Protein chains: 2
Amino acid sequence: MRVTINDIAKKAQVSPSTVSRVIADSPLISAATKEKVLKIIKEMNYHPNIIARSLVNRSSRIIGVVMPGMAEQSFQHPFFPELLAGIASMANKEGYKILLANVATLDEEREMVKELTFGSITAGLILLTSRDQNPTVDQLVEVGFPFVVIGRTENPYVNWVDNDNFLIGYQLVEHFLDQGHRRVAFLGYSPGVTVTRDRLHGYKKALVDHGIPFCEELVVESEFISANGYDLMKRLLALRERPTAVIACDDLLAFGAIKAIHEAGLKVPVDIAVAGINNVPLAEFYNPPLTSVKINAFTLGKKAFEMLQTVLTSDVRSYNRAIIPAELVVRSSSLATKE
Amino acid sequence: MRVTINDIAKKAQVSPSTVSRVIADSPLISAATKEKVLKIIKEMNYHPNIIARSLVNRSSRIIGVVMPGMAEQSFQHPFFPELLAGIASMANKEGYKILLANVATLDEEREMVKELTFGSITAGLILLTSRDQNPTVDQLVEVGFPFVVIGRTENPYVNWVDNDNFLIGYQLVEHFLDQGHRRVAFLGYSPGVTVTRDRLHGYKKALVDHGIPFCEELVVESEFISANGYDLMKRLLALRERPTAVIACDDLLAFGAIKAIHEAGLKVPVDIAVAGINNVPLAEFYNPPLTSVKINAFTLGKKAFEMLQTVLTSDVRSYNRAIIPAELVVRSSSLATKE
DNA sequence: TTGTAAGCGTTATCAC
DNA sequence: GTGATAACGCTTACAA
């Protein structure tokens, strides 16, 4: 049988409330009783029942992290673990525990979030989503539950952290233009996914700013991460006029694309230059080493938790957004070998 | 204000217990009331308070996953996320949620586990540990809390899953002997860590079985994963008689070792052959491609959860151990270029 | 088939 | 300073 606050109270010959006060380190308690109770707590190896405590407090020290995609996939990509590490590092420090929730579909996400919020398991939520319209987000806003989104959402009443995806797209184009390219393709645009759309906007703007006409056929749509860069690239290779450079929305996409390029008997970067985004560990060692953008997922996660804590502790409602800087890492996959 | 079971009861003009029974899908309930209540539940968007439910049931549908090392580090290595993915994939399917707990020290581990068990937040625990003596494990055994260890422990009253690390060590040696090597080093033995020790035992046995004398100086000790393969390798390079092959206890160690070898003006595998363990994604693309052992972390995690569930649901106490097979993946870092 | 009431282990609000 | 007592939201004997 588990030892409860009542057992301690009995043994110490005080009331449960006194024990409770000792635990809470209330100033109203005499040094003598405090000491006595503390000793017995130790002796009996008592630990407060967090569930009971949460029930009466109507709040736990648990925050939920809701990730899209089945567990099998989510963790495949180094981005997620890194993000999680960032969240966990802060959460640990602040005495919060992390509840992991993987959801495969939007419906599942909605149900999960309902369970987590109304079920009052979690004190707050960190939501990983980058769809511009997300019913879960709207619902959360409506009920006023504390949460933070990683990835931009269009609902204005939302705290979020994200990279500057517009800038990322913009800079990648500029990088290629610097290398003398004029036909730059964009691989992996997924309508409705803000991350890719923001990058695409950056891409377009950069073209315009440099007087290059935008060419519809150079934008290849896809599902986000799960997509197959190999197949997408083939579409580009089939064009009458091929691109000379490709921006892939993710490194994994880029790897697939490079494979397709090689199979077509072409060389990277001589025939077609390639750059990815996310800077996965493999990028550096790939053949050729892949130009990419360091996204700082760890910082993204850290910041998300910090924001959530602000929401949790302050009573004024404010809506913040944090932009975590990204960093272009140039490697040989995108470098013109000579002028 | 949150909607509770009482609100539903009032609205439906039944008692709370009836509502509770409807939720539990009790057979004692008439179709009519059931339907009526269900409708109102939907209307009012009611979700049971899991905390309250856990309190009365004295058990939640949450399992804790306790990982050693700070969050920053744990997720660095692909092994952990993969493991986690395995656990999560099963847990999701069975309606369990996962509570993530990172612990930096053994003390922290003990405190965390106490909190998680006595605090009755979690129904069961999955512990990642491979120390042969672990007070946390002993404590868990003592109080009879349901848990499973990933990694072998010596306490016999424990359910655990692990790879056959003895065999892994054994096979790697045989592989090198096949290639004509006779001086095979073992990099990254960490005393007290069963994973490395079992591998070392396999290594020794293989040598003995093939009539090769065991040579103390060829075993380089270290802290486990966090160790620096570069520095460790230097010790081997400083020997009067260098090894011609190196088994590194982890791929990251192997990468460091290769770097040191290259810096010494030697070539892999011509001068010194190298093999790692864990088969991280980078291994395939490293220069040279690294021979490694596929550990199947996903399956490891999956199996761990299955075991835990068995413990959770059955009332007889049994102690099982599962061995997940590993698989040697030969690449050029360990291949003799010619006979 | 349904309702009543007790209790899960805490904390908070009163009294004293 | 400390102790009753009443919640928190749910489940489950036991009654009806």
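By convention in this document, chain letters (A, B, ...) are assigned in the order of the sequence lines, proteins followed by strands, and residues within each chain are numbered from 1. These numbers were taken from a predicted model, which means no experiment stands behind them.
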| task | Could you tell me how the ring of A:His47 sits relative to the ring of B:Phe118: parallel (under 30°), tilted (30 to 60°) or perpendicular (over 60°)? | result |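 Judged by the thresholds at 30° and 60°, the geometry between A:His47 and B:Phe118 is parallel.
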Are [X] and [Y] close enough for a salt bridge, meaning some N to O gap below 4.0 Å?
X: A:Lys39; Y: A:Glu43; value: yes
X: A:Glu94; Y: A:Arg61; value: no
X: A:Arg2; Y: A:Asp7; value: no

| request: Looking at every strand, decide which applies to B:Phe118 at a 4.0 Å heavy-atom threshold: base, sugar-phosphate, or nothing. | output: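 Nothing, no nucleic acid heavy atom in range.
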| message | By the 4.0 Å heavy-atom rule, please label A:Ser17 as base, sugar-phosphate, or nothing. | response | base
Could you state the atom-to-atom distance from [atom1] of [X] to [atom2] of [N] in whole Å?
X: A:His47; N: C:dT10; atom1: NE2; atom2: C1'; value: 16 Å
X: A:Ile8; N: C:dT11; atom1: CD1; atom2: C1'; value: 16 Å
X: A:Ile23; N: C:dA12; atom1: CD1; atom2: C1'; value: 14 Å
X: B:Ile50; N: D:dC10; atom1: CD1; atom2: C1'; value: 11 Å
X: A:Lys36; N: D:dT2; atom1: NZ; atom2: P; value: 8 Å
X: B:Gln13; N: C:dT4; atom1: CD; atom2: P; value: 13 Å
X: B:Asp25; N: D:dT11; atom1: CG; atom2: C1'; value: 16 Å
X: A:Leu55; N: D:dA7; atom1: CG; atom2: P; value: 14 Å

| query | About how many Å separate NZ of B:Lys11 and NZ of B:Lys36, when rounded to the nearest 0.5 Å? | reply | 13.0 Å
Can you identify which nucleotide, out of [options], has its nearest atom closest to the [X] side chain?
X: A:Ser30; options: D:dG1, C:dT10, D:dC10; answer: D:dG1
X: A:Ile5; options: C:dT2, C:dT4, C:dT11; answer: C:dT11
X: A:Ser15; options: D:dG9, C:dT11, D:dA4; answer: D:dA4
X: A:Arg21; options: D:dT11, D:dT2, C:dT4; answer: D:dT2
X: B:Asn57; options: D:dT12, C:dG7, C:dT10; answer: D:dT12

| request: Taking only the side-chain nitrogens and oxygens of A:Thr18, find out if one of them lies under 4.0 Å from OP1 or OP2 of D:dG3. | output: yes
| query | B:Arg58 side chain N/O closer than 4.0 Å to the phosphate oxygens (OP1, OP2) of C:dC8? | reply |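 False: B:Arg58 side-chain N/O out of range (4.0 Å or more) of C:dC8 OP1/OP2.
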| More 5' along DNA chain C: B:Thr33 or A:Ser20, using each one's nearest nucleotide? |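 Looking at DNA chain C, the more 5' nearest nucleotide goes with B:Thr33.
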